[in-house]
Amino acid sequence: MIDIARLQSLIPSSALRVYEETASTNRDARAWLLEGAAHGDLVLADRQTGGRGRLGRSFFSPEGGLYMSLVLKTDAPAGTVTTLCAVAVRRAIRKAAGIETNIKWVNDLQYRGKKVCGILCENVWSGNESLGMIAGIGVNVFGNAFPPELADIASSLYPDQSTAPFAMEQLAASIWEEILSGLGCLPAHMAEYRRHCITLGKAIYFTENGQTIHAFALDAEDDGALRIRLNDGSVRILAAGEVTVRPFDAQTVL
Ligand code: BTN
């Protein structure tokens, strides 16, 4: 259970809403922003019953994870903030746990080849007026209660443990701090993003209009888009979506 007093002492300047269980902290933070939440305010939950992921997917959110949604008053593109969050969470995990994770374009962190963190940044509008953004982060910290369809692709930082060897509040505060400080110097984090992104420099494939397309991942743009070279030599920018590193190439980085 997140100790709200402990977390508040680590980030005294922000308002917090902490739940044992909620449907989705992104949904809660969005409603709060519409009511007047401030930059840096934070929603957390011990578990989510309707965790939201990218591309309309769900995000499995049992106890053992850190589920947080940060209110950001920013005009930066969602893709840029997503890459910042990836770098921020990577740094915070390294600081709290001494674990080095890899970034999988665009919004996943992997450890030992499996997803341990997902990020969902969503813009919030009131009519035509942009109110800001919700940066939603789910870190699988301990336990291994993944359903069979996820067991091959997702895990946690400590799959064999039933507690975290560090305070969840410390990890949350560290993520909060890294994101807010990084937001002030965008896109300085991109060098670190590129260094740790295992998708770059790899043969990849993705699906488009029901077709599998093979390509080579050249680089990440500052707005988070992926620059790719197709087999016919043409270069394209993928603004969003999901790509897979071809298994042969993946073996070299696992
Ligand atoms: C993804 O991997 O597709 C993104 C997953 C983002 C999950 C986090 S958990 C906290 C926040 N609340 C949500 O409903 N989603 C985000």
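Order of listing sets the numbers, starting from 1, for every ligand and every atom in it. The analysis underlying the following values was restricted to heavy atoms, covering all of them including side chains, and did not include hydrogens, waters or symmetry mates.
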Q. Just which atoms of ligand 1 are under 4.0 Å from any heavy atom in G51?
A. 14 (O)
**Q.** Sub-4.5 Å side-chain heavy-atom contact between D160 and Y158
**A.** no
**Q.** Atom indices of ligand 1, in the order listed, that fall short of 4.0 Å to a heavy atom of M68
**A.** 10 (C)
Q) What do we get for N107 next to ligand 1 when only non-hydrogen atoms under 4.0 Å count, side chain, backbone, both or neither? A) side chain
(Q) Heavy-atom distances under 4.0 Å decide this one: backbone, side chain, both or neither, for R57 against ligand 1? (A) neither
Q. How close does the nearest protein non-hydrogen atom get to atom 5 (C) of ligand 1, and which residue and atom is it?
A. F59 CD1, 3.4 Å
Q: Just need the protein heavy atom nearest to atom 9 (S) of ligand 1, so name the residue and atom and give the distance.
A: Q48 NE2, 3.3 Å
(Q) Does any part of the side chain of I137, heavy atoms only, come nearer than 4.5 Å to the side chain of L70, both counted from C-beta? (A) no
(Q) We want to know whether E21 and T49 form a side-chain donor-acceptor pair, criterion being a heavy-atom distance below 3.5 angstrom. (A) no
Q) Do the ring planes of Y67 and F59 sit parallel (below 30°), tilted (30 to 60°) or perpendicular (above 60°)? A) perpendicular
Q: Kindly identify the option in E122, R54, R52 whose heavy atom sits closest to atom 13 (C) of ligand 1.
A: R52
Q) At a non-hydrogen distance cut-off of under 4.0 Å, which region of K115 contacts ligand 1 (side chain, backbone, both, or neither)? A) side chain
Q | Polar contact flag, side-chain donor to acceptor under 3.5 angstrom, T22-D28 | A | yes
**Q.** Shared hydrophobic cluster for L66 and L42 (ILVMFWY, side-chain gaps under 4.5 Å)
**A.** yes
Q) Does an N or O anywhere in S24 fall below 3.5 Å from an N or O of ligand 1? A) yes
Q. Just checking, any donor-acceptor pair under 3.5 angstrom between side chains of N26 and S69?
A. yes
